[in-house]
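Here the structure comes first, spelled out in structure tokens, and everything after it is commentary.
Quantities reported herein were computed from a predicted structural model and do not represent experimental measurements. In what follows, chains carry the letters A, B, and so on, assigned in the order in which the sequence lines appear, proteins first and then strands, with residues in each chain numbered from 1.
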Amino acid sequence: MNLFRVLEISGSALMAERERAEVVTSNLANAETTHTANGGPYQRMHVVFGSQPMTQGAFPATLASFTDMHAEGVRVQGVVADGAPAVRKFEPGHPDADDQGYVSYPAINPVEEMVNLMGAARAYQLNAAAVQSTKNMIQSSIDIIKS
Amino acid sequence: MTIPIQGLPPQPDATFTSSSAKQQPENGGFLDTLRTAVDQVGQIQSEADAQVASMLNGNGQDVHSAMIAVEKANLTFELMVQVRNKIISAYQEVSKIPF
């Protein structure tokens with residue numbers, strides 16, 4: 001059942017890319033959001049990916065270090081806010097305008113977010129293709145037994 | 001000229017004298033192995049079933065993990081079927097031996 005771990009690694013990558021797409025879509029949706037729950041404009045978010053051993057627990061991890069189980073999956077380690085300063089626009093009639101009439105908009109470039117979304121979608125496709133070819137590997141090892 | 005038909009000379013006792021009539025291996029042997037394999041396939045299938053049901057119920061189940069579980073179930077089932085085919089063909093091969 002070792003080949004199934006390959007499927008699990010690809011599965012973890014699919015999950016991570018889905019979360020990345022979620023965050024990017026959130027940035028796109030909130031490109032013009034001037035009002036959030038904790039005040040101020042929406043902050044652009046980034047995902048941070050980290051590698052993740054496919055074995056849980058201390059003992060399996062130690063055991064894995066003695067065998068050939070070096071492959072690691074991926075997970076979203078955290079979502080961090082981009083520290084870029086807000087873009088100020090002069091809109092005196094806006095409800096979120098400050099006393100000088102300026103409104104703070106999030107520093108989000110929709111084109112850049114769109115490119116990030118394309119990257120996430122392509123990476124998802126890539127990992128789905130890896131699942132497909134792992135499936136073919138297992139299938140061909142089953143085909144050995146066929147007469 | 002006639003040849004008188006005589007009975008066969010007495011034969012030594014030809015009945016099988018095996019120590020135990022039914023030789024059953026101690027720990028079930030092959031049958032047990034097959035049963036365990038079928039059970040495992042069933043377990044993987046029910047896991048896939050649960051994941052698909054959870055996805056369809058809208059419990060926030062990931063589509064890809066459900067699909068991977070289904071694919072695992074499919075592959076393990078196919079492996080079991082192929083092993084079974086191989087065993088049956090071996091059995092038929094043996095049963096064709098003339099005696």
ask   = If you measure from CD on A:Gln139 to CD on B:Glu71, what distance do you get to the nearest 0.5 Å?
value = 8.5 Å
query = Can you hop from A:Met45 to A:Leu117 via hydrophobic side chains spaced under 4.5 Å?
reply = no
request  = May I have all residue pairs that pass ring pair (Phe, Tyr, Trp, His ring centres under 6.0 Å) and include part of residues 96-122 of chain A, sequence neighbours excluded?
outcome  = A:Phe90-A:Tyr102
Contacting region of B:Asp62 [heavy-atom separation from chain A under 4.5 Å] = side chain
task = Calculate, to the nearest 0.5 Å, the distance between atoms NZ and CD belonging to B:Lys72 and A:Glu8 respectively.
result = 4.0 Å
request  = Give a yes or no on whether B:Phe77 atom CZ has more than 12 heavy-atom contacts from other residues, nucleotides or ligands under 6.0 Å away.
outcome  = no
Which atom of A:Ile142 lies closest to which atom of B:Leu75, heavy atoms considered = CD1-O, 3.4 Å
task = Verify the cluster assignment for A:Val47 and A:Val24: are they in a single hydrophobic cluster under the rule of side-chain heavy atoms below 4.5 Å apart?
result = no
query = Would the number of heavy atoms belonging to other residues, nucleotides or ligands and lying under 6.0 Å from CD of A:Glu72 be above 12?
reply = yes
key: Interface residue of largest heavy-atom contact number with chain B, from A:Ile138, A:Thr134, A:Asn127, A:Val131, under 4.5 Å   = A:Ile138
query = Between atom CD of B:Gln82 and atom CD1 of A:Ile144, what is the distance when rounded to the nearest 0.5 Å?
reply = 11.5 Å
query = Is the number of heavy atoms from other residues, nucleotides or ligands within 6.0 Å of NE2 (A:His35) greater than 12?
reply = no
inquiry  = With a 4.5 angstrom heavy-atom cut-off, is it the side chain or the backbone of B:Val63 that approaches chain A, or both, or neither?
reply    = neither
